[in-house]
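By convention in this document, chain letters (A, B, ...) are assigned in the order of the sequence lines, proteins followed by strands, and residues within each chain are numbered from 1. These numbers were taken from a predicted model, which means no experiment stands behind them. All values below come from the heavy atoms of this structure, side chains included, with hydrogens, waters and symmetry mates left out.
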Amino acid sequence: MDQKLTQQDWHKINFQNFEKKLNGQSFTPLHDLRKQAITRFDELGFPTIRKEEWRFTNISPITRIPFKLAAGGHDPEVVSGVIEPYTLKDIKHTQLIFMNGQYVPELSVSRLPEGVRVKNLDRALQEDKELIEKYLTKHSDYMEHEFTALNTAFISDGAFIHIPEGLILDNPIHILYMTSAAGESIVTHPRNLIIAGSNSRSSIIENYAGVNNDIYFTNPVTEIIAGENTVMDFYKLQQESAKAYHISALYVHQMRNSVFSSHSFSFGGSIVRNDIFNLLDGEGSDSILNGLYLAHKDQLIDNHSVIDHARPHCHSNEVYHGILDDKARAVFSGKIHVRPDAQKTDAIQSNKNILLSEEAMVDTKPQLEIFADDVRCTHGGTIGQIDENGVFYLRARGINEQLAKNIMIHAFAGEIIKNIKIDKFRDIIDKLVFSRLEDGHLKQND
Amino acid sequence: MLKIKNLNASIENNEILKGIDLQVNAGEVHAIMGPNGSGKSTLAQVLAGREEYEVTDGVVEYDGRDLLELSPEDRAREGLFLAFQYPVEIPGVNTAYFLRTALNEKRLYRGEKQISAMEFLKLVREKMKLVQMDESFLKRSVNEGFSGGEKKRNEILQMAVLEPKLAVLDETDSGLDIDALKIVANGVNTLKSRNNAIIVVTHYQRLLEYIVPDFVHVLYKGRIVKSGDRNLALELEKQGYDWLKENVPAQAVHVEE
Ligand SMILES: Nc1ncnc2c1ncn2[C@@H]1O[C@H](COP(=O)(O)OP(=O)(O)OP(=O)(O)O)[C@@H](O)[C@H]1O
Ligand SMILES: [Mg+2]
């Protein structure tokens, strides 16, 4: 890399610095992979709106800010104060805390039964070589997905979870990624690997938060392998700084009769893109993808999903609700792919949006690619205002107009929130949403 | 209690009500009948404050106040209740929360203290018995997936909880089986008193056997074309509306009560 690097090449500068810090570890198979990934990213480049999958989402601001790799070394006491509002107070859980992408062991709490491995990836790279070799990057696609390539080039830390066969985990695992950039524009590439052994049950919460008005870029990739007969509830709460960029990819590989539920809540960020690649690779598996996004001012929230029905008798049910105010924009793209073998596929998809202002906009794009004949696929969507009939009905019972509108919006969000299975977490999300409502509009999160 | 004078209302420039006169006193039951599309629901919705309708002329006095000046919520808090012909489904809002919020908004307006969850539960259970609704409805979203009859019963439940001074029941009887009709009528009769009044909009004499009206009015093409006592309803049942349509007067018939 001898050519002169410009600001646009911040990732290259970062990679050089990253390599320097690796010392002796730059000759490992993992580092070979990183090098392949950065090379691939250079070939692909940052996606532009000329690419179909990025048609509605212009990420060029990200290319113009010289994001720096975050430095480590955090005072746990300081971090403890910063993360306080985002911790799950009354919920018994295991918690992994990351500050600016780096694991903070002092604040991480484990409440785990024997046999479950929950640790940071950096440590797992040393201790769990077999699993790492078998699974890490194997179910994600850095050859095609630009930001996954970028993430892969910088794999260093994140969450590593392995739930052994037959284990039922009662308490959720909470992974909190806190960013506090203190004036510096930093980038983090969290990498999560979650392996659920057959017949296991678990719930996992990914939580991305930031100090408001900090400008930074979070680029996480999560790979989930759901073994036979597993039941997994996966929650993602995105409440980044209003000026942050968040581009994430979730890869889910499901085996026979597994039931995977994803609950995605996107409330923060300036430009946000969430990709889900869900492969139903075992007969009789079930995928439930719920999503709720709130956007106001000039936020852009883009949710892309690809549900790949590769085997027969699988169900998928994807429901996303969006609430948009001011000049906010949302994109929903849901692809359902049914392979020739996947007979008796049952796929339902719906994307509904409420616009609270005249200028808010949604681009919604369902795509059905069906190569089997005995299938049932339905999709639908709506973009509209608050249901005026409902508002009038409430007012006719004495409920004031502002409250009536808030109730209607809240109820629309509630249809997604109600699917959260952890009661207290449901309350947390519910309160987060309700606290954003004011006179039938969205206000800033305090 | 309610005095409507020369009420004219239109929607999207279509004149629907063309000079309605009606007076309802405390303790009275009025029935409004009339063919489909004659403006019965429009009248009910205008009274409740639906903003899509434009009142182009006339006055409505309610309890000595100008009703048309009040917001829909204030009308409700002042004791006006409309049982909707088509109750609205509100997914995601559970019935208990809805009823309690409505009741508390009314209490707040009157300077009364908020009802506690316990007190509310006691109250609503009692009222549910009245309309023979199962308590499980409290946990369900307002009207969502309710059968036609259940929606109508839910309207009467709301009425029972809110205890209105003036209730307008817009075809609360349609779609009810005979048992449900008796339950609804019984609910209404229990709530009837010397101090409140009821307007029932209906197509059928059947309901009026249970809720006996003091006056019956026929609304046709936006006007009240005939008023009488309960025998008028019997006559309409036998003869239909044709005999009235033939001699629609240029000016609305105005019956002084
Ligand atoms: N938005 C609108 N634009 C034009 N006409 C309308 C509109 N809304 C209602 N109307 C008309 O107003 C008239 C009165 O309707 P209304 O619902 O008041 O009738 P109704 O007497 O309650 O009839 P029904 O017995 O069928 O319930 C109807 O002819 C209806 O088509
Ligand atoms: Mg009607």
Side-chain angles (χ1 to χ4, degrees), chain A residues 263 265 290-294 319-323 350-354 380-382 384-420 423 426-427 429-434 436-437 439-440, chain B residues 44-53 70-95 97-110 112 139-144 151 154-155 157-159 161-164 167-168 170:
Chain A
H263 310 258
F265 301 93
N290 290 303
L292 175 67
Y293 45 94
L294 312 181
V319 182
Y320 271 65
H321 282 192
I323 299 164
S350 146
N351 171 234
K352 292 185 184 167
N353 296 278
I354 290 186
T382 54
Q385 277 84 40
I386 310 178
D387 175 12
E388 280 302 326
N389 287 325
V391 173
F392 180 66
Y393 191 70
L394 296 172
R395 295 179 73 190
R397 297 297 177 252
I399 297 170
N400 76 70
E401 185 179 7
Q402 282 73 26
L403 181 57
K405 284 183 178 168
N406 288 353
I407 288 175
M408 293 303 293
I409 302 168
H410 187 207
F412 178 73
E415 289 182 76
I416 301 300
I417 296 171
K418 73 174 185 209
N419 299 313
I420 297 176
D423 292 349
R426 190 186 321 116
D427 292 345
I429 300 288
D430 199 56
K431 287 209 181 86
L432 272 178
V433 171
F434 203 70
R436 290 284 307 275
L437 303 178
D439 299 347
Chain B
Q45 298 268 328
V46 167
L47 291 178
R50 182 106 207 189
E51 278 144 0
E52 280 82 345
Y53 296 99
L70 299 177
S71 67
E73 50 268 41
D74 280 351
R75 295 179 197 200
R77 294 157 176 175
E78 290 285 351
L80 179 78
F81 180 89
L82 167 65
F84 284 58
Q85 182 176 2
Y86 304 108
V88 182
E89 296 195 6
I90 309 185
V93 177
N94 84 53
T95 302
Y97 169 81
F98 164 64
L99 284 170
R100 197 172 149 210
T101 307
L103 183 59
N104 276 331
E105 287 269 301
K106 185 169 179 174
R107 289 183 159 222
L108 192 70
Y109 183 78
R110 294 186 177 174
E112 297 164 6
K139 286 196 187 133
R140 287 175 60 180
S141 292
V142 176
N143 294 323
E144 192 188 27
K151 283 181 183 165
N154 192 24
E155 294 294 288
L157 172 66
Q158 292 165 41
M159 173 179 163
V161 169
L162 296 171
E163 298 180 329
V168 183
D170 191 359

Worksheet entry | Least distance between heavy atoms, B:Val93 atom then A:Ala411 atom | CG2-CB, 3.4 Å
Practice prompt. Verify side chain to side chain contact (heavy atoms under 4.5 Å, CB included) between A:Asp387 and B:Val88, making sure each step is shown before the conclusion.
Written response: CA-CA 10 Å; A:Asp387 175 12; B:Val88 182; 4.2 Å; yes
Worksheet item: Under a 4.5 Å heavy-atom cut-off, does chain A meet the side chain of B:Asn143, its backbone, both or neither?
Response: side chain
Discussion item. Taking side chain as everything from C-beta outward and backbone as N, CA, C, O, which of these in B:Pro164 sits under 4.5 Å from a heavy atom of chain A? Side chain, backbone, both or neither.
Written reply: neither
Worksheet item: Of the backbone (N, CA, C, O) and the side chain (C-beta and beyond), which part of B:Phe98 lies under 4.5 Å from a heavy atom of chain A, both, or neither?
Response: both
Practice prompt. Would you mind checking which part of B:Arg75 comes under 4.5 Å of any heavy atom in chain A, side chain (CB onward), backbone (N, CA, C, O), both or neither?
Written response: neither
Worksheet item: Does atom CD of A:Gln385 have more than 12 heavy-atom neighbours, drawn from other residues, nucleotides or ligands, at distances under 6.0 Å?
Response: no
Worksheet item: When only pairs under 4.5 Å are counted, which of B:Ser141, B:Pro72, B:Ala102 shares the most heavy-atom pairs with chain A?
Response: B:Pro72
Practice prompt. Compare every heavy atom of A:Phe392 with every heavy atom of B:Gly49, then report the nearest pair and how far apart it is.
Written response: C-CE1, 3.6 Å
Worksheet item: Got a sec: does the NZ of A:Lys352 have more than 12 other heavy atoms crowding it under 6.0 Å?
Response: no
Practice prompt. Could you tell me the separation between the OH atom of A:Tyr393 and the CD atom of B:Glu89, rounded to the nearest 0.5 Å?
Written response: 10.0 Å
Discussion item. Does A:Asn400 form a side chain to side chain contact (heavy atoms under 4.5 Å, CB included) with B:Arg77? I'd like the steps, not just the answer.
Written reply: CA-CA 10 Å; A:Asn400 76 70; B:Arg77 294 157 176 175; 3.4 Å; yes
Item to complete: Supply the atom-to-atom distance A:Leu403 CG to B:Thr101 OG1, rounded to the nearest 0.5 angstrom.
Response: 6.5 Å
Response to the item:
Rounded to the nearest 0.5 angstrom, the CD-CG distance for B:Glu52 and A:Asn389 is 7.5 Å
Item to complete: Check for a donor-acceptor pair, side chain of A:Arg397 on one end and backbone N or O of B:Leu82 on the other, with a separation under 3.5 Å.
Response: yes
Discussion item. Please classify the contact of B:Val161 with chain A as side chain, backbone, both or neither, using a heavy-atom distance under 4.5 Å.
Written reply: neither
Worksheet item: Can you tell me how far CZ of A:Arg395 sits from CG of B:Asp74, rounded to the nearest 0.5 angstrom?
Response: 9.0 Å
